[in-house]
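When reading the values below, keep in mind they use all heavy atoms of this one structure, side chains included, and skip hydrogens, waters and symmetry mates.
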Amino acid sequence: MMKMTNNQAEKQNITLILGLGALALIRPLMKITGLIHIFGSEAVGSIAMTILISIAWILIVIWKKAQNPIKTLVLSGVSYAAFAIILSGILSPILDGTLQGPLTNPIALVSVFMTNIIWGLILGILASALPYKKKRS
């Protein structure tokens, strides 16, 4: 078995972090398209999708044997926050005719990042608590 260089491992980890962040975009895209209502209501759908995405993040981090699940999932939360803010900045003028969302409010901008950092931290702690064999450095 070939040993991965630190640079290769870092690139793989960045890909994992960005991939997990992009995966979480399913929830806002479901809200935008109205598919969130398959759960009955937007509130129930948002909660259900958040739970499903959380489970997926934990399982993927375990499956990929991430060396540091807490760091990986906190940074995944940061990448999701950035993606969601960019998506909002692109789509709100198209869909509503004016820029709306976190880009128009500095407090909301900070709130989006903090919420998703905490979400990633909690999931990282949960993933770290589950028994699995981590990759060696």
Side-chain angles (χ1 to χ4, degrees):
M1 183 181 267
M2 286 181 18
K3 186 173 176 162
M4 194 179 306
T5 66
N6 283 342
N7 193 29
Q8 288 171 321
E10 191 63 33
K11 282 182 182 177
Q12 189 177 39
N13 200 38
I14 290 169
T15 303
L16 175 61
I17 289 164
L18 295 176
L20 292 172
L23 175 67
L25 288 174
I26 291 171
R27 187 175 61 87
L29 289 172
M30 285 184 73
K31 286 177 85 169
I32 291 166
T33 61
L35 289 173
I36 201 84
H37 294 285
I38 63 172
F39 294 97
S41 72
E42 190 172 311
V44 171
S46 289
I47 292 168
M49 285 309 301
T50 299
I51 291 168
L52 291 172
I53 292 164
S54 297
I55 292 168
W57 275 20
I58 290 169
L59 292 176
I60 291 168
V61 163
I62 290 171
W63 176 59
K64 288 293 196 175
K65 297 179 179 146
Q67 220 172 356
N68 187 337
I70 295 173
K71 178 181 174 185
T72 299
L73 289 174
V74 165
L75 291 175
S76 297
V78 170
S79 75
Y80 167 67
F83 291 156
I85 290 166
I86 292 167
L87 184 66
S88 170
I90 293 169
L91 291 181
S92 68
I94 294 169
L95 299 174
D96 301 326
T98 182
L99 180 63
Q100 296 179 7
L103 288 175
T104 63
N105 182 340
I107 294 172
L109 196 64
V110 171
S111 176
V112 169
F113 277 103
M114 290 308 299
T115 299
N116 289 289
I117 287 169
I118 293 166
W119 178 37
L121 177 64
I122 291 167
L123 296 180
I125 291 168
L126 289 172
S128 293
L130 295 173
Y132 69 99
K133 197 169 195 155
K134 295 178 185 164
K135 287 183 181 177
R136 292 184 185 192
S137 323

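- When atom types are taken as modelled, the side chain of Ser79 and the backbone of Ser76 share a donor-acceptor pair closer than 3.5 angstrom.
- Counting heavy atoms from C-beta on, the side chains of Met30 and Ile38 come closer than 4.5 Å.
- Phe83 and Val112 fall into different hydrophobic clusters, where Ile, Leu, Val, Met, Phe, Trp and Tyr side chains are chained together by heavy-atom contacts under 4.5 Å.
- Of all non-hydrogen atoms in Ile53 and Trp119, the two that sit nearest each other are CG2-CH2, 3.7 Å.
- A heavy-atom distance below 4.5 Å is not found between the side chains of Val78 and Asn116.
- Of the inter-residue distances, the one linking Tyr80 atom OH with Ile85 atom CD1 reads 9.5 Å to the nearest 0.5 angstrom.
- Distance alone, capped at 3.5 Å, places no donor-acceptor pair between the Asp96 side chain and the Thr98 backbone.
- In this structure, the separation between CD1 on Ile70 and CG on Leu75 is 12.0 Å, given to the nearest 0.5 Å.
- Atom CG of residue Leu73 and atom CG of residue Leu16 lie 8.0 Å apart, to the nearest 0.5 angstrom.
- With hydrophobic clusters built from ILVMFWY side chains whose heavy atoms lie under 4.5 angstrom apart, Ile17 does not share a cluster with Leu126.
- For residues 18-35, every residue pair satisfying the salt bridge (charged side-chain N to carboxylate O under 4.0 Å, His left out) rule, not counting sequence neighbours, is listed here: Lys31-Glu42.
- Put simply, CD1 on Ile60 and OG1 on Thr72 are 12.0 Å apart, with the number rounded to the nearest 0.5 Å.
- Side chain of Trp57 to backbone of Leu20: a donor-acceptor contact under 3.5 angstrom is found.
- One hydrophobic cluster, built from ILVMFWY side chains closer than 4.5 Å, holds both Leu130 and Val61.
- Tracing side-chain contacts under 4.5 Å through hydrophobic residues (I, L, V, M, F, W, Y), one reaches Ile32 starting from Ile36; they form part of the same cluster.
- No continuous path of hydrophobic side-chain contacts links Val110 to Leu87 [ILVMFWY only; heavy atoms under 4.5 Å].
- Checked against side-chain contact (heavy atoms from CB on, under 4.5 Å), Leu99 has the following partners two or more places apart in sequence or in another chain: Ser92, Pro93, Leu103, Thr104.
- For the pair Phe113/Pro102, no side-chain contact is recorded, criterion being any heavy-atom separation below 4.5 Å from C-beta on.
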